[in-house]
Amino acid sequence: MKARFADAAKSLFEIQGGPRVDFRQPAGEPALAAADSVSWRVFKNPVSLFVGGVTAVILELAEPRVRTGVWEHSSFRADPLTRLKRTGLAAMVTVYGARSVAEAMIAGVGRQHARVAGKTPGGEAYRADEVALLDWVQATASFGFLAAYDALVEPLSAADRDRFYAEAAPAARLYGALGAPTSEAAWKAQLAAMLPRLERSAIVLEFLNLMRGVRIAGPLSRLQHPLIRAAVGLVPGEVRAVLGLGGEWSPRPLELPLIRAAARLADRAPIPGAPPYEACERLGLPGAWVYRKSSP
């Protein structure tokens, strides 16, 4: 069972026909985040990463400029799972990749963003490399991944939550997100400031229905719809109200205990060949080092 779970979890990082990043190279080179960081602890968990990624996308799509850029200039509509995997791989490189590899990848993402521009259906101009939009995307990603780990794997202290936001700052600046939140309080302030700009859109429901329709691999496929409902449940209540995501999108009884069981198993199950495992090997650590139980 553990082997099947590991294979399924590993598949969430792999893109058929996509790039293969060797996280073991260059040997000894540190990542943007330290091995003992909260980020390394959080991002190793494929279950909470999937849930948090969906939460982040919902929040992104609530902002009209981000929504238009994502929906019209990416493959989300045609192939949402592959698009999420690409985003997940970028997160893996950002957190676990050697610094030189991460910096090169982030520079490439920046060049792609510089080519994306347009107008929302409401006539508002946008550019994907606008600092305000990059700040929102960075903030929603940090919130989504952190909230999912905290809710589904183990509660994190206030100090660790603040550390998680602060640890993202160096990479965020490389991405061009110069005002991304560096603490939980800063995230809450950014959410409050952005709330008047957020709006309901049929695209959010289209995205969620697309995610329900694609199939993820292995044992996790049985939890696919519960995982998506768990992601909606993590969206701050005031944003769910704006988006019109009512009780039909809330987790069902017993779903969260099942998801927590899967997430906690994943947190203690080393996955040879997965980015966190290879990153440990690059630094001369046992591959399973990052999977050690982190709570007392």
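The figures here come from the full heavy-atom set of this structure, side chains too, leaving out hydrogens, waters and symmetry mates. The shown structure was predicted, so the numbers you read here are calculated from the model rather than taken from an experiment.
A salt bridge is absent between Glu154 and Arg260; no separation between the charged side-chain nitrogens and carboxylate oxygens falls under 4.0 Å. The pair Glu255-Arg229 counts as a salt bridge, with a side-chain nitrogen and a carboxylate oxygen less than 4.0 angstrom apart. Arg163 has a carboxylate O that lies under 4.0 Å from a charged side-chain N of Asp160, or vice versa, which qualifies the two as a salt bridge. A salt bridge does not link Glu60 with Arg67: none of the charged nitrogens is closer than 4.0 Å to a carboxylate oxygen.
Checking side-chain atoms of Arg252 against main-chain N and O of Ser250 turns up a donor-acceptor pair under 3.5 Å. In this structure a side-chain-to-backbone donor-acceptor pair under 3.5 Å is present from Thr68 to Pro64. Looking only at distances, no side-chain donor or acceptor of Arg268 sits under 3.5 Å from a matching main-chain atom of Tyr291. Within the 3.5 Å criterion, the main-chain N or O of Ala185 finds no donor-acceptor partner in the side chain of Lys188. Judged by distance alone, the side chain of Arg99 and the main-chain N or O of Pro30 form no donor-acceptor pair under 3.5 Å. Between the side chain of Asp129 and the backbone N or O of Gly176, no donor-acceptor pair lies under 3.5 Å. The closest donor-acceptor contact from the side chain of Asp162 to the backbone of Ser183 lies at 3.5 Å or more, if one exists at all. Between the Arg282 side chain and the Glu278 main chain, no donor and acceptor come within less than 3.5 Å of each other. Between the side chain of Asp267 and the backbone N or O of Asn45, no donor-acceptor pair lies under 3.5 Å. In this structure a side-chain-to-backbone donor-acceptor pair under 3.5 Å is present from Glu167 to Val38.
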Please evaluate residues Glu238 and Leu198 with respect to the criterion side chain to side chain contact (heavy atoms under 4.5 Å, CB included), reporting the C-alpha separation (whole Å), side-chain torsions for both, the decisive distance (0.1 Å), and the verdict. CA-CA 10 Å; Glu238 60 266 47; Leu198 306 185; over 6 Å; no
Val239 and Leu195: CA distance, side-chain angles, deciding distance, side chain to side chain contact (heavy atoms under 4.5 Å, CB included) verdict: CA-CA 7 Å; Val239 181; Leu195 194 60; 4.1 Å; yes
Evaluate salt bridge (charged side-chain N to carboxylate O under 4.0 Å, His left out) for Glu124 paired with Lys119, printing each intermediate quantity in order. CA-CA 5 Å; Glu124 187 175 11; Lys119 287 187 176 181; over 6 Å; no
What verdict does the side chain to side chain contact (heavy atoms under 4.5 Å, CB included) test give for Trp71 and Glu206, after you've listed the backbone C-alpha separation in whole Å, the side-chain angles of each residue and the deciding distance to 0.1 Å? CA-CA 11 Å; Trp71 216 240; Glu206 185 179 350; 3.7 Å; yes
Set out, in order, the CA-CA distance, both residues' side-chain angles and the distance that settles side chain to side chain contact (heavy atoms under 4.5 Å, CB included) for Val137 and Val70, then state yes or no. CA-CA 11 Å; Val137 171; Val70 167; over 6 Å; no
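The two atoms that bring Glu29 and Ser100 nearest to each other are OE2-N, 2.6 Å, heavy atoms only. Residues Ala141 and Ala56 come closest through the heavy atom pair CA-CB, 3.8 Å. Closest non-hydrogen pair, Phe207 versus Leu61, comes out as CB-CD1, 3.8 Å. For Pro286 against Cys280, the heavy-atom pair with the smallest separation is O-CB, 3.3 Å. Contact detail for Pro181 and Gln190: the closest heavy-atom pair is CD-OE1, 2.9 Å. Taking both residues in full, the closest heavy atoms of Ala262 and Val47 are given as O-CG2, 4.0 Å, listed atom of the first, atom of the second, then distance.
Screening Thr94, Leu49, Val290 for a side-chain contact (heavy atoms from CB on, under 4.5 Å) with Phe43, the sole residue that qualifies is Leu49. Evaluated for a ring-ring contact (aromatic ring centres under 6.0 Å, His included) with Trp40, the options Tyr277, Tyr96, Phe23 yield exactly one hit, Tyr96. Checking each of Val235, Ile228, Thr140 against Thr55 for a side-chain contact (heavy atoms from CB on, under 4.5 Å) leaves exactly one that passes, namely Val235.
A 4.5 Å side-chain heavy-atom check between Leu59 and Pro236 finds at least one atom pair inside the cut-off. Leu245 has its side chain within reach of Leu205: a pair of non-hydrogen atoms, C-beta onward, lies under 4.5 Å apart. Annotation: side chain of Leu223 is in contact with side chain of Leu258 (closest heavy-atom distance under 4.5 Å). At a threshold of 4.5 Å between non-hydrogen side-chain atoms, the residues Tyr149 and Phe164 do not count as touching. Counting heavy atoms from C-beta on, the side chains of Val116 and Arg127 never come closer than 4.5 Å. Put simply, the side chain of Arg41 reaches to within 4.5 Å of the side chain of Leu156, judged on heavy atoms.
Residue Met211 holds its CE atom at 9.5 Å from CD1 of Ile58, rounded to the nearest 0.5 Å. Between atom CD of residue Glu63 and atom CE of residue Met194 there is a gap of 5.0 Å, rounded to the nearest 0.5 Å. To the nearest 0.5 Å, atoms CG (Leu234) and CG (Leu152) are separated by 6.0 Å. Note that CZ of Arg173 and CG of Leu178 are 8.5 Å apart. Values are rounded to the nearest 0.5 Å. Considering CZ of Arg115 and NE2 of His113, their distance stands at 10.5 Å, rounded to 0.5 Å. With values rounded to the nearest 0.5 angstrom, Ile203 atom CD1 is found 12.0 Å from Leu208 atom CG.
Side-chain heavy atoms closer than 4.5 Å link hydrophobic residues (I, L, V, M, F, W, Y) into clusters, and following such links, possibly through other members, connects Met92 to Met105. In the hydrophobic clustering of ILVMFWY residues, with side-chain heavy atoms under 4.5 Å counting as a link, Tyr165 and Val131 come out apart. Cluster annotation: Ile106 and Leu134 are assigned to distinct hydrophobic clusters (Ile/Leu/Val/Met/Phe/Trp/Tyr, side-chain heavy-atom contacts under 4.5 Å, transitive).
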